[in-house]
Amino acid sequence: MRAFKILGGRVWSDTGIGVQPGMRIQITATGAVDIGGGRWVEASGVAEAQDPRLPLPNAGRGALIAKLAFRNGGESGVVFVGARNTLTVDAGEYGRLLLGINDDRTDDNRGEFVVRLSW
């Protein structure tokens, strides 16, 4: 198991964890992020109308999200993580796990999620 602090003021954080097909990553997150104006949210985010400016428009603003940075320079689609989730790496996917905050503007954010990963 490894633990990370995912800062509210950064869109993406590289976990340094290399992934490969079939790998199952269990993720739990605690803590809270102020997404601006004193609006504190937990890792599931806050439900609002869908906003196409968000990295993952159909997930709550401020939610914990993930994507893969592939070895060839490309990236996977963004997926919702929330407070607890298990991600499975698909066939042909090799790269690094990135975790982020589902917000279109992180420069006014503060706080952090403490994220624990095991695989």
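In this text, all values refer to a predicted model and were calculated from it rather than measured experimentally. Atoms considered below: every heavy atom in the structure, side chains included; atoms not considered: hydrogens, waters and symmetry mates.
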**Message:** Check for me, please, whether Val79 and Leu54 land in the same ILVMFWY cluster - side-chain distances under 4.5 Å, paths through other members count.
**Reply:**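 In one cluster: no.
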**Single-linkage hydrophobic cluster Leu68~Val81, side-chain heavy atoms < 4.5 angstrom** =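 Linked within one cluster.
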**Asked** Within the distance-only criterion (no hydrogens, no angle test), does the side chain of Asn102 pair as donor or acceptor with the backbone N or O of Ala59 below 3.5 angstrom?
**Response**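 Judged by distance alone, yes, a pair lies under 3.5 Å.
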**Request:** Output the distance between atom CG (Asn109) and atom CZ (Arg10), rounded to the nearest 0.5 Å.
**Result:**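 So the CG of Asn109 and the CZ of Arg10 are separated by 13.0 Å.
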**Asked** How long is the gap from CG on Asp90 to CE on Met23, to the nearest 0.5 Å?
**Response**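 Asp90 CG to Met23 CE: 13.5 Å, rounded to 0.5 Å.
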**Asked** Looking at residues at least two apart in the chain, or sitting in another chain, which of them share a side chain to side chain contact (heavy atoms under 4.5 Å, CB included) with Thr15?
**Response**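 If we apply the side chain to side chain contact (heavy atoms under 4.5 Å, CB included) test to Thr15, skipping adjacent residues, the hits are Phe4, Ile17, Leu97, Leu99.
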**Message:** Using the side chain to side chain contact (heavy atoms under 4.5 Å, CB included) criterion, which residues pair with Tyr94? Sequence neighbours excluded.
**Reply:**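 For Tyr94 the side chain to side chain contact (heavy atoms under 4.5 Å, CB included) partners, ignoring immediate neighbours, are Gln20, Pro21, Arg71.
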**Item:** Residues clustering with Leu98 (ILVMFWY side chains joined when closer than 4.5 Å, directly or via others)
**Value:**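 Result for Leu98 is Val11, Trp12, Leu56, Ile65, Val78, Phe80.
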**Asked** Does Asp14 have any side chain to side chain donor-acceptor pair (under 3.5 Å) partners at least two apart in sequence or in another chain, and if so, which?
**Response**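 Per chain and number, Asp14 pairs via side chain to side chain donor-acceptor pair (under 3.5 Å) with Arg96.
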**Asked** What residues, two or more places apart in sequence or in another chain, satisfy side chain to side chain donor-acceptor pair (under 3.5 Å) together with Arg39?
**Response**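 Partners of Arg39 by the side chain to side chain donor-acceptor pair (under 3.5 Å) criterion, ordered by chain and then number, come out as Glu48.
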Identify all side-chain donor-acceptor contacts of residues 110-119 below 3.5 Å with residues at least two apart in sequence or on another chain.
unit_1	atom_1	unit_2	atom_2	d
Arg110	NE	Asp34	OD2	3.1
Arg110	NH2	Asp34	OD2	3.3
Ser118	OG	Gln26	OE1	3.2

**Asked** With the threshold set at 4.0 Å, does a side-chain nitrogen-carboxylate oxygen contact exist between Arg105 and Asp107?
**Response**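 Judged by the 4.0 Å cut-off on N to carboxylate O distance, Arg105 and Asp107 do form a salt bridge.
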